[in-house]
S.K.: 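If you scroll down you'll find the structure; I have some questions about it.
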2 protein chains.
Amino acid sequence: MQLLNSLPANSIELIGYFGSFLTSITFIPQVYKSWKSKSVGDLSTWMVLIVITSTLVWLAYGYLINSGPVLLANTIVLILTLVLLYFKSKFKA
Amino acid sequence: MQLLNSLPANSIELIGYFGSFLTSITFIPQVYKSWKSKSVGDLSTWMVLIVITSTLVWLAYGYLINSGPVLLANTIVLILTLVLLYFKSKFKA
């Protein structure tokens, strides 16, 4: 933790951007797996709906605080989770 | 968007807290569904691993910028996704 505290401010921002990057790509493997298997029975629709709702809230927040990384990450997550919601309606369990 | 721009600063923070709340509860329905069905074959292990990694990055970031909501939300998501990872190893597809 000593090491973390001595980091310069732009290193802290880099860590934030890395977190945004990882959050952005979170649903890529799930969309790929679901598309390949055409099977989504074990996926929680509520999880998908909560993620979609949360990205809309985060997009409003990112717009208000003028944060590019928040807007970008949540746009990508929103698109991927809308695809998952479509898969949930298309591929019946 | 006019309406959004005229919001006072603490309303903006409230939107951020609401986003944090939704992000925190994201994986609760998935853990519940997986626990009930004992079936996790359609869940992407890579998705779970990326979420776990991202929460660790966000926890470092939240510690550095001293953000309670970031620390709280990511601690909850980390615990829930560790449970999902355990389910992935326990409930064979």
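Treat the numbers as computed from the prediction; the structure is a model and nothing was measured.
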S.K.: What part of Trp46(A) is in contact with chain B, defined as an atom under 4.5 angstrom from a non-hydrogen atom: side chain, backbone, both or neither?
M.R.: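 Both backbone and side chain.
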S.K.: Can you find a heavy atom in the side chain of Leu84(B) that is under 4.5 Å from one in the side chain of Val40(B)?
M.R.: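 In short, these two side chains do not touch, never coming nearer than 4.5 Å.
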S.K.: Measure Ile25(B) against the heavy atoms of chain A and call it side chain, backbone, both or neither at under 4.5 Å.
M.R.: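 For Ile25(B), the contact with chain A is made by backbone and side chain together.
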S.K.: Determine, for Trp35(A) and Lys33(A), whether the Lys NZ or Arg CZ falls below 6.0 Å from the six-membered ring centre while staying within 45 degrees of the axis.
M.R.: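 Geometry flag: not set, cation outside 6.0 Å or 45°.
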S.K.: Within the 4.5 Å heavy-atom criterion, are Val83(B) and Phe87(B) side-chain neighbours or not?
M.R.: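 The answer is yes, as the side chains (C-beta and beyond) meet within the 4.5 Å cut-off.
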S.K.: Would you please classify the geometry between the Tyr61(A) ring and the Trp58(A) ring as parallel, tilted or perpendicular, with 30° and 60° separating the classes?
M.R.: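 It falls in the perpendicular class, over 60°.
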S.K.: Report which part of Thr45(A) has an atom under 4.5 Å of a heavy atom belonging to chain B: side chain, backbone, both, or neither.
M.R.: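 The answer is neither part of Thr45(A).
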